[in-house]
S.K.: 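Input: one structure, supplied below.
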Amino acid sequence: MSTPRTYQTEAIVIKKTKLKEADRILTLYTPHLGKIQAVARGVRRPRSKLSGHLELITHSLVSLARGRNLDTVTGGQTITSFLTVKNDLWLTSCALYVTELVNQFTADHIENEGLFRLLLETMKQLCQAGDKELTLRYFELHLLHKVGYQPQLRKCVACRAQLKPTTNSFSPNLGGMLCPDCSPNQPTSYPVSVNAQKVLRLFQNSDDSVIDRLKIDAGLSREIESVMSRYIQYLLEREVKSAAWLDALREETRRATAG
Amino acid sequence: MNDNLTPDKDAINQLIHEFNKLPGIGPKSAQRVTYFLMRASEEEARLLAEAIFSLKQNIRLCSVCCNVTESDPCPTCRNDGRERSQICIVEQPQDILALEHTGIYKGLYHVLHGAISPTEGVGADDVRIRELLDRLQDDSVKEVILATNTTLEGEQTALYLNRLIAPLGIRVTRLARGLPFGTELEYADDVTLTRAIEGRQEF
């Protein structure tokens with residue numbers, strides 16, 4: 001049986017690259033086809049019927065035609081446009097960070113429906129009120145789980161002992177926490193406070209309704225952010241580009257509220 | 001064909017190699033252009049070569065608006081007939097051509113040479129925002145019109161600029177975002193339609 005020439009899928013646009021005069025190569029994240037790349041022709045012209053449905057961080061129903069190399073987008077209909085996110089600088093930046101992580105942690109054509117649902121839920125979370133830093137941390141932890149890098153937060157990854165409620169260390173290369181006895185042997189590990197460990201464990205074992213119930217102060221939020229970003233950077237072996245922009249925005253906001 | 005991948009250093013191959021670097025020109029197009037030039041008159045080839053050379057020799061960025069120009073400041077910035085209290089912010093020099101073609105805008109411009117794109121590593125310091133803020137230091141500017149693209153990057157740049165400029169007490173406006181002329185409503189996307197409804201005007 002031959003595969004049909006055209007197909008339709010739900011997708012979230014996670015990356016776009018310019019191609020030729022008016023075309024784009026889109027990177028789409030789909031529930032059943034994983035990450036796919038497709039050419040969208042003419043979408044950079046103002047009269048393109050499709051461009052609005054194929055902008056970054058848009059959840060659309062996309063029709064594609066199989067091509068020799070890349071598939072071509074033949075149709076698109078927005079399911080959710082996440083307008084709230086797009087109207088806000090900070091939320092847009094958060095959403096771009098999320099899409100960049102998904103793009104970096106996935107390979108083409110590998111189905112991961114759980115990750116698609118997580119991505120979609122995270123975008124919806126960003127549209128709602130609340131602490132977006134927590135939304136990002138929750139996303140990071142569950143993303144790592146879904147792509148096979150779930151950090152071990154309950155037992156020491158060296159001696160397997162149950163961790164005690166004290167300042168333990170996190171080792172990026174071992175992918176988990178170390179007890180105070182084992183951490184001196186791992187020079188790349190860094191300390192994590194008791195409260196930060198509690199939040200991380202809570203996130204790991206809860207659904208996303210926990211984000212709204214939790215309130216944490218700025219210092220703790222920064223600590224968790226740093227723990228996660230160092231681990232992510234270790235796994236990707238490179239900087240997450242949009243993280244630098246998030247940092248710049250955080251810094252500006254901090255200066256604005258202080259001054 | 002050559003077995004090695006490095007092009008021969010003879011004139012034809014070198015020119016093909018150079019054309020091949022241009023956007024939208026693949027190896028076959030590069031060959032076609034090269035063989036066309038080989039058959040063209042010497043005069044034609046010289047004009048092309050001179051045009052390319054003078055592009056690099058004479059074109060620079062206007063010290064005021066960052067547009068590409070042969071004279072500094074550029075003719076638009078020097079033109080006393082233009083409204084000096086308005087600055088229209090665009091992403092690239094080509095956008096000015098499109099706006100000038102309408103003939104309706106009489107103010108000044110500022111070219112950012114890009115848009116903020118965090119995932120591509122383009123931050124606020126990589127586009128010409130500092131030059132813009134310097135221009136806004138004196139009180140002559142009353143309105144800044146954000147004419148960045150309606151892509152996510154353009155929107156984000158506009159939001160960021162608004163955050164920087166609005167506290168200076170300058171009026172910040174954004175080009176209307178709605179339905180393009182000559183299109184059909186049924187094909188419009190949610191974002192465009194939402195904004196078209198929000199931005200509707202008295203008839």
Side-chain angles (χ1 to χ4, degrees), chain A residues 13-21 24 43-60 75-83 85-101 103-104 239-249 252-253 256, chain B residues 22-26 29 91-92 94-95 98 114-127 129 146 148-164 166-167 174-175 177-198:
Chain A
V13 185
I14 60 171
K15 189 176 181 232
K16 57 176 190 186
T17 331
K18 287 183 185 178
L19 176 73
K20 292 196 263 185
E21 182 90 19
R24 273 206 179 105
V43 286
R44 281 157 60 208
R45 294 204 177 93
R47 287 189 195 178
S48 159
K49 284 181 285 195
L50 288 177
S51 55
H53 301 286
L54 301 173
E55 188 50 74
L56 281 173
I57 52 177
T58 302
H59 178 207
S60 288
Q77 176 62 52
T78 307
I79 300 171
T80 323
S81 58
F82 302 117
L83 191 58
V85 170
K86 288 171 185 161
N87 281 336
D88 184 284
L89 181 63
W90 171 247
L91 296 182
T92 306
S93 309
C94 290
L96 285 174
Y97 172 72
V98 166
T99 56
E100 187 182 354
L101 283 189
N103 189 34
Q104 301 278 10
E239 301 265 343
V240 183
K241 285 179 191 155
S242 45
W245 174 247
L246 281 181
D247 277 340
L249 284 181
E252 262 179 44
T253 315
Chain B
L22 301 178
I25 300 203
S29 302
E91 285 183 25
Q92 43 174 0
Q94 296 95 301
D95 300 338
I116 293 170
S117 175
T119 47
E120 305 293 323
V122 182
D125 294 335
D126 303 309
V127 294
I129 290 178
L146 300 173
T148 50
N149 292 336
T150 57
T151 56
L152 195 84
E153 294 85 354
E155 292 280 295
Q156 200 181 22
T157 309
L159 287 165
Y160 183 70
L161 286 174
N162 180 43
R163 192 162 112 157
L164 292 181
R174 176 92 171 106
L175 284 195
R177 292 153 297 176
L179 299 163
F181 182 70
T183 53
E184 294 177 29
L185 203 65
E186 69 169 308
Y187 293 116
D189 61 279
D190 294 10
V191 177
T192 306
L193 269 180
T194 308
R195 285 179 175 157
I197 293 169
E198 282 170 356

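First the proteins, then the strands, lettered A, B, ... as listed; each starts at 1.
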S.K.: For A:N103, which atoms come within 4.5 Å of any heavy atom of chain B: side chain, backbone, both, or neither?
M.R.: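 Contact with chain B is absent: no heavy atom of A:N103 under 4.5 Å.
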
S.K.: Just so I understand: if I count every heavy-atom pair under 4.5 Å between each of A:K20, A:K86, A:E239 and chain B, which residue has the most?
M.R.: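 When all of A:K20, A:K86, A:E239 are compared, A:K86 has the most.
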
S.K.: Decide yes or no on side chain to side chain donor-acceptor pair (under 3.5 Å) for B:E155 and A:T92, but give the supporting numbers first.
M.R.: CA-CA 9 Å; B:E155 292 280 295; A:T92 306; over 6 Å; no

S.K.: Report the distance from atom OG of A:S51 to atom CG of B:D189, rounding to the nearest 0.5 Å.
M.R.: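 Reported to 0.5 Å precision, the distance equals 6.5 Å.
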
S.K.: Considering only heavy atoms, which portion of A:L83 lies under 4.5 Å from any heavy atom of chain B: side chain, backbone, both, or neither?
M.R.: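 Looking at A:L83, just its side chain touches chain B.
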
S.K.: Which bit of A:I57 comes within less than 4.5 Å of chain B, counting heavy atoms only: side chain, backbone, both or neither?
M.R.: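 The side chain, not the backbone.
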
S.K.: Are A:W90 and B:Y160 an aromatic pair by the rule of ring centers under 6.0 Å?
M.R.: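 A:W90 vs B:Y160: aromatic centres not under 6.0 Å.
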
S.K.: Nearest heavy-atom pair of B:E120 and A:K15: which atoms, and what distance?
M.R.: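 Taking B:E120 first and A:K15 second, the nearest heavy atoms are OE2-CE, 4.1 Å.
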
S.K.: Taking atom CD1 of B:I116 and atom OG of A:S242, what is their separation to the nearest 0.5 Å?
M.R.: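 The distance works out to 13.5 Å.
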
S.K.: List the steps, then state whether side-chain contact (heavy atoms from CB on, under 4.5 Å) holds for B:R163 with A:L89.
M.R.: CA-CA 9 Å; B:R163 192 162 112 157; A:L89 181 63; 4.1 Å; yes

S.K.: Using the side chain to side chain contact (heavy atoms under 4.5 Å, CB included) rule, pick out the option among B:V191, B:L193, B:T192 that qualifies with A:S81.
M.R.: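 With A:S81 as partner, side chain to side chain contact (heavy atoms under 4.5 Å, CB included) holds for just one option, B:V191.
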
S.K.: For side-chain contact (heavy atoms from CB on, under 4.5 Å), just list the numbers for B:Q156 and A:L96, CA-CA rounded to whole Å, side-chain angles, deciding distance to a tenth of an Å, and then say yes or no.
M.R.: CA-CA 11 Å; B:Q156 200 181 22; A:L96 285 174; 3.6 Å; yes

S.K.: With no hydrogens and no angle check, do the side chains of A:R44 and B:N149 hold a donor and an acceptor under 3.5 Å apart?
M.R.: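 Distance-only check fails for A:R44 and B:N149.
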
S.K.: Output, in order, the C-alpha distance, side-chain angles, deciding distance and verdict of side-chain contact (heavy atoms from CB on, under 4.5 Å) for B:T119 and A:K241.
M.R.: CA-CA 5 Å; B:T119 47; A:K241 285 179 191 155; 5.7 Å; no

S.K.: Does the side chain of B:Y187 come under 3.5 Å of the side chain of A:Q77 through a donor N or O and an acceptor N or O?
M.R.: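 No donor-acceptor contact under 3.5 Å links the two side chains.
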
S.K.: Relative to chain B, which segment of A:S48 carries a heavy atom at a distance below 4.5 Å: side chain, backbone, both, or neither?
M.R.: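 No part of A:S48 comes within 4.5 Å of chain B.
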
S.K.: Write down the atom of A:P46, the atom of B:P180, and the distance for their closest heavy-atom approach.
M.R.: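 Closest pair (atom of A:P46, atom of B:P180, distance): O-CG, 3.5 Å.
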
S.K.: Give the intermediate values and the outcome of side-chain contact (heavy atoms from CB on, under 4.5 Å) for residues B:E184 and A:R47.
M.R.: CA-CA 10 Å; B:E184 294 177 29; A:R47 287 189 195 178; over 6 Å; no

S.K.: Tell me, side chain or backbone of B:A158 under 4.5 Å from chain A's heavy atoms, or both, or neither?
M.R.: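 Neither; nothing under 4.5 Å.
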
S.K.: Just do the salt bridge (Lys or Arg N to Asp or Glu O under 4.0 Å) check on B:E186 and A:K49 with the steps written out, would you?
M.R.: CA-CA 9 Å; B:E186 69 169 308; A:K49 284 181 285 195; over 6 Å; no

S.K.: Regarding A:E55 and B:T151, is there a side-chain donor-to-acceptor distance under 3.5 Å anywhere?
M.R.: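 Checked: A:E55/B:T151 side chains show no N/O donor-acceptor pair below 3.5 Å.
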
S.K.: Would you indicate whether A:E252, at its atom CD, is surrounded by more than 12 heavy atoms from other residues, nucleotides or ligands within a distance under 6.0 Å?
M.R.: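 More than 12 heavy atoms, drawn from other residues, nucleotides or ligands, come within 6.0 Å of this atom.
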
